[in-house]
Amino acid sequence: MRHFDFKNGHMHCEGVSLSDIADQVGTPVYVYSSATFERHFSVFTEAFKDQDTLVAYSVKANSNIAVLASLAKLGAGADVVSGGELARALKAGIPGEKIVFSGVGKKPAEMHAALTAGIHVFNVESQAELDVLNSVAIEMGKIAPIAFRVNPDVSAGGHEKISTGKAENKFGIAWSSAEAAYAYAATLPGIKVVGVDVHIGSQIVDLAPFETAITKVGGLIKRLRAQGHDIQSFDVGGGLGINYGNNAVTPPQPSEYGAMVKRLTSDMNVKMIFEPGRMIAGNSGVLLSEVVYVKDGEDRKFLIIDAAMNDLIRPALYDAYHDIEAVRAPGSNMTEVLYDVVGPICETGDTFTKRRMLPEMEAGDRLVFHSAGAYGAAQASQYNTRPLVPEVLVRGGEYHVIRARPTVEDILAGESIPDWLDAP
Ligand SMILES: *Cc1c(COP(=O)(O)O)cnc(C)c1O
């Protein structure tokens, strides 16, 4: 069931017309479907319903507190990578004991906040970090539950900027030092070893690298238990790819992924932790934009739209593909035109796509970028003093602005001119 589809000649998100949202909230704007978030989450948990499982949604994919709150209602936990994301998860009603804390550069204040919240586990990425966590915990009179994020040296991920599980990447404990790291952790009074964690990359469209990594880590868990460590949980991270519509790849269904994980782990006697991000959020949202000008170049036509790389950076950053569709259903007699779709920012990189065949459009027409629910709004910036792109959450026939568009005054409010410059 598609939750972004045409009704009465206009694309809708569930029961709400995107044209109405564009008229009332303005463009550019992200629009999310509650039903899609919920379906993706349920499909995933369904696969593990008879196993002890924690699905810790990766907050960085889409961190709006309304999105987090809707997942919290379904029982989701959270994978956070900063004190800020921890605060979001708690504010959205995700209990501390369902939160895991990942990331290579956790600072003492963030560890303090996470220990105060009583999080489920710290995914520790280096011995230096472990030492700091040990001191913070001792100072607070607490014991920090930890898993090491191990680096299985597995190649995965569609793009070098989102591959994380190779020996050359900055992530995790090197495979060859994992057992020594656990032996050291066991000597620290502020630390309790509870699990093992792995995350090999993102937008992975093939089950094989997951299978290799899980099998390798399964062997490690056996060895660690033989060495006396009480390994209770196995966090397999996130990374399952989604279909962006370019037919280049067909990622496995979440159910196939689930079946594979189940087959490899059912006799390990561990609590399984998952950190899906893109798989939950990616196809739950679109970026809605309006054509500002159509410009005839020397050898091509440009569609200049009011969304830009600051609103959706994936094409500029990872050469990512997004399906583009007109909001008004193309009639049977419509002409198709090859367009370069570009934003207004003063950078050549502010190009969403080149030579894409689209229905002929004119200024004022609206279009959407599909599959923009993950790593879209969450990576948006105010570059070129363009107000942070707003977000709208739809549920059935109603919608709510879950992040308002700031005014330019709001943007400037945090800046100030020092006295020595004779402020006006
Ligand atoms: C980014 C990230 C995830 C989520 O990755 P997806 O590809 O969005 O599923 C999970 N765990 C960690 C540690 C991450 O850094």
Side-chain angles (χ1 to χ4, degrees), residues 37 40-41 43-45 54-63 67-68 71 76-82 84-86 89 98-106 110 114 119-126 129 146-152 154 156-166 169-173 195-207 209-210 213-214 217 233-244 249 251-254 257-258 261 272-285 313-314 317-318 320 371-379:
F37 273 115
H40 291 165
F41 183 83
V43 161
F44 198 75
T45 47
L54 171 62
V55 181
Y57 166 69
S58 176
V59 170
K60 75 178 194 282
N62 185 319
S63 50
V67 169
L68 301 182
L71 293 171
D79 169 39
V80 302
V81 293
S82 70
E85 285 192 352
L86 173 66
K98 286 189 178 175
I99 296 176
V100 306
F101 193 171
S102 302
V104 292
K106 302 175 196 80
E110 296 174 311
I119 67 162
H120 188 72
V121 68
F122 289 84
N123 289 331
V124 173
E125 303 220 15
S126 65
E129 178 194 335
I146 72 118
F148 278 111
R149 173 172 176 178
V150 294
N151 185 331
V154 171
H159 192 279
E160 65 171 288
K161 286 191 182 146
I162 52 177
S163 171
T164 59
K166 288 287 290 165
N169 297 130
K170 70 178 175 181
F171 298 101
I173 301 275
V196 181
D197 167 48
V198 68
H199 171 76
I200 56 176
S202 201
Q203 186 52 17
I204 301 170
V205 293
D206 176 1
L207 290 181
F210 287 114
I214 291 170
V217 175
S233 63
F234 180 4
D235 183 337
V236 295
L240 186 60
I242 62 164
N243 193 343
Y244 278 95
V249 290
Q253 291 297 315
Y257 171 83
V261 177
M272 294 304 301
I273 303 177
F274 299 92
E275 302 172 350
R278 191 188 309 270
M279 186 249 120
I280 304 273
N283 278 316
S284 303
I313 203 173
R314 300 189 66 257
L317 192 59
Y318 321 118
S371 315
Y375 305 108
Q379 291 196 89

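Order of appearance sets the numbers: ligands from 1, and atoms from 1 within every ligand.
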Kindly indicate whether the side chain of [X], heavy atoms from C-beta on, has any atom under 4.5 Å from the side chain of [Y].
| X | Y | value |
| --- | --- | --- |
| Pro276 | Val55 | yes |
| Val205 | Gln203 | yes |
| Pro152 | Ile200 | yes |

Per the side chain to side chain contact (heavy atoms under 4.5 Å, CB included) rule, which among Val80, Asn62, Asp79 passes with Tyr57?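 Of the listed options, the one satisfying the test is Asn62.
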Using a 6.0 Å distance limit plus a 45 degree cone around the ring axis, check whether Lys106 lies over the aromatic ring of Phe122. no
Ordered by chain then number, the protein residues lying under 4.0 Å from ligand 1 by heavy atom are Ser58, Lys60, Asp79, Ser102, Arg149, His199, Ser202, Gly238, Gly239, Glu275, Pro276, Gly277, Arg278, Tyr375
Under 3.5 Å donor-acceptor, His120 side chain and Val100 backbone: no
